[in-house]
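Indexing begins at 1, ligand by ligand and atom by atom, following the structure's order. As the structure is a prediction and not an experimental result, all values here were calculated from the model. Each residue takes its place number in the sequence, starting with 1.
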Amino acid sequence: MALIGVFDSGVGGLSILDESLRQLPQHDYIYLADSANAPYGERSSDWIAQRSLALCQYLASQGCDAIVVACNTATAEAIKQIRADISIPVIGVEPGIKPASMKTQNGIVGVLATEATLKSDKFNALLATLPGNCQFIKQSGAGLVPLIEAGKADSEETFELLAKHLEPIQDAGSDTLVLGCTHYPFLRKSIRKLLGDSISLIDTSDAVVRQLKRQLESINQSVDATGKGSVTFVSSKDGPALLNMAQDLLSADLNLHALETKALGAVLGGV
Ligand code: DGL
């Protein structure tokens with residue numbers, strides 16, 4: 001079985017881990033959350049690139065066969081450098097603006113992502129490849145990630161902030177919304193409450209895991225979904241707290257897997 005590293009600034013990448021455990025439960029996973037440094041979305045490009053590279057090098061040193069950079073912000077700022085430095089398959093995640101442009105009926109698409117993702121060259125280069133008849137309403141979700149990290153995804157405070165961020169998207173008449181940060185699928189219920197059932201929500205976790213599957217096949221790893229592997233949660237803040245959050249946020253039954261937690265500082269010498 002393969003060992004797969006899944007990395008995010010915090011708990012957002014659990015939305016990708018959840019889908020991975022559903023489609024590829026037989027493999028072993030290391031989920032790495034840099035919770036001591038979240039949110040990444042308001043940090044500089046250089047900082048995000050260096051930190052993301054160091055954490056992916058750590059995952060590679062643990063013997064991972066593939067790494068999923070389960071963070072739109074880290075993918076936007078660092079994936080090129082990570083791929084150049086690490087020889088195993090590295091799968092990234094990008095806001096699903098292309099599928100959204102194909103799905104929208106009225107051509108008005110909201111994009112909710114971090115400030116860093118929206119400003120990044122990678123995101124803007126992708127945007128430039130899309131047909132000009134689609135209007136993208138780009139909105140930073142500032143402040144949402146820290147609330148989700150604090151276990152307040154379903155709180156009134158989060159709901160109110162989300163309502164404020166979604167207002168321009170709603171006012172423009174968007175019929176499609178891109179969830180451009182892996183933390184945002186955990187706000188799905190509140191988004192539905194605010195925007196209704198008819199808006200299409202675009203979340204790329206299924207596409208990311210299908211890409212992971214293809215990459216595993218290309219390195220001759222089994223994609224036959226039988227058996228259950230282990231999941232190790234590594235956090236730069238608090239491993240057991242991360243495991244508790246995972247148990248709350250994941251729809252996959254974690255208890256079917258062998259579970260372990262580790263502190264990143266201890267294994268990485270404080271990087
Ligand atoms: N989950 C990360 C993303 O997909 C987030 C964010 C952050 O730390 O700001 O962009």
Quick check: His183 and ligand 1, any N/O pair under 3.5 Å apart? yes
Same cluster or not: Val111 versus Leu177, using hydrophobic residues (I, L, V, M, F, W, Y) connected whenever any side-chain heavy atoms lie under 4.5 Å apart? no
Mind checking whether Ile16 and Leu259 sit in one hydrophobic cluster, side chains of I, L, V, M, F, W, Y counted as touching below 4.5 Å? yes
Short list, please: which atoms of ligand 1 are under 4.0 Å from a heavy atom of [X]?
X	value
Gly41	7 (C), 8 (O), 9 (O)
Ser9	5 (C), 6 (C), 7 (C), 8 (O)
Asp8	1 (N), 2 (C)
Thr114	6 (C), 9 (O), 10 (O)

Side-chain (Asp203) to main-chain (Leu179) donor-acceptor, under 3.5 angstrom: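 Between the backbone of Leu179 and the side chain of Asp203 there is no qualifying donor-acceptor contact (under 3.5 Å).
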Taking Asp8 for its side chain and Val69 for its backbone only, find out whether a donor-acceptor pair lies under 3.5 Å.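 Checking the backbone N and O of Val69 against the side chain of Asp8, no donor-acceptor pair under 3.5 Å is found.
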Over 60° means perpendicular and under 30° means parallel, so tell me whether Tyr40 and Trp47 are parallel, tilted or perpendicular. perpendicular
Could you check whether Asp34 and Ser236, counting side-chain N and O atoms only, form a donor-acceptor pair closer than 3.5 Å?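 Distance-only check passes for Ser236 and Asp34.
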To the nearest 0.1 Å, how far is atom 10 (O) of ligand 1 from its closest protein heavy atom, and which atom is that?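 Answer, as residue, atom name and distance: Thr73 OG1, 2.6 Å.
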Tell me: protein heavy atom nearest atom 7 (C) of ligand 1, and distance? Tyr40 N, 3.2 Å
